[in-house]
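Structure first, commentary second.
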Amino acid sequence: MGISYNEKTRIFKLDTPNTSYCFGVEDSFGYLLHHYYGRRLAADGVGYLTRTGEYPFTPDRNGREKLSFLNAAPFEYPMGGMGDFREHCLEIRTREGYNTLEAGFRDYEIRRGKRPLAGLPATFGTEADCASLTVRLTDDVVGLTVELEYTVFEDLDAITRSARICNQGKGTVWLTKALSACLDEEDRDFSMLSLHGAWARERGIQYRKLGYGRQGVFSERGVSSHQDQPFLGLTTPGITQTQGEVYGFHLVYSGNFEAQTEVSQFNMTRTLLGINPYNFCWELKPGEAFQTPEVVMVYSCAGLGSMTRTYHDLYRRHLIRGPWRDRKRPVLINNWEATHFDFDLEKLLDIAREAAKAGIEMLVMDDGWFGNRFDDNRALGDWFVNEEKLPGGLDRLARELNGLGLKFGLWIEPEMVSPDSDLFRSHPDWAIQTPGREPGRCRNQYVLDLTRAEVLEYVWQRIRSILSSANIEYVKWDMNRQLSDLGSLGLPPRRQGELYHRYVLAVYELQERLVRTFPNLLLENCSGGGGRFDPGMLYYSPQIWCSDNTDAVERLKIQEGTALLYPLSTIGAHVSDCPNHYMGRTVPFETRGHVALAGTFGYELDVTGISGEDRAQIPGQVAMYHRYNDLVREGDYYRLASCRENGAYDCWQINAKDGSQALVTYVQVMSRVNFPSRRVRLEGLEPGKTYRVEQTGQTYGGDVLMYAGLPVEPLSGDFRSRQYTLIRI
Ligand code: DGJ
């Protein structure tokens with residue numbers, strides 16, 4: 001059992017294979033205090049770390065100096081109002097207008113398995129692979145109970161946390177802040193690791209040295225966003241892929257978030273994650289409960305690589321659901337970069353015929369197939385096929401494609417409405433808006449108020465009817481703007497502060513209905529490229545479009561940042577045409593294929609219009625996908641070199657779980673002259689075994705490849721790439 005409670009020391013100890021997490025109950029009031037998170041401990045002798053007896057900094061709680069205690073104590077779940085002046089997890093307002101909260105330990109429960117979180121995506125596990133702990137804290141004055149939920153996965157170094165706030169009092173309480181988790185650790189000269197970006201530049205890796213005070217990563221855009229990822233890492237100085245300590249915190253949520261650290265006057269680092277309190281106010285009536293999203297914590301003392309592989313394994317086994325998680329996905333061709341809105345049945349069938357010849361397995365029809373959608377200014381919401389473009393509708397197109405041996409996939413953007421649409425003309429009140437103001441437009445569209453039951457029902461019925469009308473085997477669910485002008489005509493004034501979160505819950509509800517009603521559907525989430533790449537969405541779709549930027553060289557950085565946390569099987573990646581539509585850069589077709597292989601792999605080009613030389617490479621690339629996809633989807637990922645850091649080349653390795661083979665991909669971003677060849681040190685091999693490199697026929701010891709390195713032949717020209725397949729013999 002990975003969780004224990006020592007009645008004598010009053011310490012809870014949570015163990016994973018290589019880590020321990022300890023917290024305990026303080027004696028005088030029952031505060032829950034954090035003791036330790038790090039390398040695995042044999043026993044729980046860490047209670048001294050709270051230093052509650054060390055006057056004057058953290059005196060025992062006593063009448064005279066209670067605030068000194070509260071200001072220094074390492075709380076498991078700090079609460080507002082009582083005199084801990086650091087950032088805290090929970091803030092309320094009572095009917096009388098008060099905000100003080102002080103909750104002490106009540107009881108606990110340890111059990112096998114993991115409960116789902118009502119209405120929210122979360123990791124899951126069976127009684128065989130995880131254990132959970134619920135600790136209850138109560139504030140008897142307000143009548144509030146806080147249930148802290150912890151799960152340990154016994155073969156993975158991951159611990160999840162969430163909180164459930166229950167109103168057991170007599171009066172309504174308003175939650176003005178309800179974060180998911182907090183960790184108080186002594187500052188070890190930490191840097192903050194986070195992922196930042198923009199449209200077409202998602203998830204760039206950034207380090208910032210922590211300073212005193214508060215700093216963090218936030219989204220107030222209604223979605224997790226292109227700009228900020230709901231993740232925060234604390235790293236020790238000199239962190240590399242293989243050395244140094246890192247604490248990772250990842251929030252399983254797709255809306256506004258905050259991930260914050262605060263270095264206190266006593267050099268303690270407090271890290272908190274949860275729903276961003278911006279414009280958040282949740283009414284909790286007596287008897288009601290509020291469930292926070294879940295935080296996934298991973299600690300590694302062996303560098304970033306080990307943290308990355310833990311997140312990959314956890315998400316592949318305990319977050320992504322459905323039959324496509326473990327299946328090779330069809331090689332698709334998407335018509336967006338090929339045609340944009342300018343297509344009809346014949347054009348699509350021309351692409352399909354050529355694609356089928358090359359071995360491609362599915363055609364995805366992107367934006368522009370419905371209503372009056374001849375450009376991106378109109379018709380969102382009018383989810384009826386445009387028969388001028390597609391005579392015979394979706395059913396005919398699907399049949400024609402199936403006749404060519406291709407599957408059919410469809411793009412939709414169901415959360416949106418265009419001002420110029422029949423839907424908006426009939427229901428102008430269905431858009432999120434503040435009465436008396438025209439909502440701001442973005443890509444000339446508004447966001448539908450899915451928190452209203454009739455709107456959600458309408459959208460769901462449209463989706464269901466479309467997907468039932470033809471043999472549609474894949475859906476790309478897009479979302480091309482962020483939320484502004486918050487206001488719901490369906491909520492009373494006192495509940496308007498619930499809109500952001502209710503919106504996210506409504507999206508989850510729609511996606512849950514989708515995956516339950518169409519269990520074999522392959523769903524790919526997307527938001528203007530990679531604006532919704534968060535763990536919450538992975539609960540519904542096994543893959544997410546990574547970025548609208550399909551330039552293979554830019555993708556090196558974007559995919560490196562994404563793969564820091566997300567398995568390669570989730571990263572939507574396609575070979576597109578050159579010069580690249582966004583970057584204007586020309587990269588060899590072969591390199592484009594190698595980079596897309598480190599994701600879901602597919603095409604995003606007009607296969608009828610590209611050069612014969614490029615087209616001739618497609619069958620070989622499709623064969624490469626079929627050969628390596630099991631390895632890419634299921635293997636262990638090692639980041640060996642980063643052109644983001646060295647400016648010259650990129651290299652990653654994927655090892656089969658059974659150790660039988662590995663694939664190394666090397667991309668020479670910038671060519672160079674008059675240098676010896678490079679060596680790249682490989683990882684995760686067996687030192688005593690011999691490996692044959694398929695492409696060169698050379699054999700090497702695993703120790704040689706890891707400690708001396710694999711020689712990489714110099715390539716002539718920029719943006720060239722090579723694969724090395726290692727077979728253990
Ligand atoms: C944004 C997506 O990221 C693109 O791939 C494409 O689907 C467009 N939307 C269509 O409007």
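Quick note: residue numbers are just sequence positions, from 1. In each ligand, atom 1 is the first atom listed, and ligand 1 is the first ligand listed.
Protein residues with a heavy atom under 4.0 Å from ligand 1 are W336, D366, D367, W411, R443, K476, D478, N480, C526, G528, G529, W545, D548.
For E413, there are no salt bridge (charged side-chain N to carboxylate O under 4.0 Å, His left out) partners at least two apart in sequence or on another chain.
Side-chain contact between W545 and H574 is present, with at least one heavy-atom pair separated by less than 4.5 Å. Annotation: side chain of D367 is not in contact with side chain of H340 (no heavy-atom distance under 4.5 Å).
The stretch residues 477-490 participates, sequence neighbours left out, in no salt bridge (charged side-chain N to carboxylate O under 4.0 Å, His left out) pair at all. Among pairs with a residue in residues 325-341, none fulfils salt bridge (charged side-chain N to carboxylate O under 4.0 Å, His left out), at least two apart in sequence or across chains.
Electrostatic pairing of D350 and K347 does not count as a salt bridge here, judged by no charged N lying under 4.0 Å from a carboxylate O.
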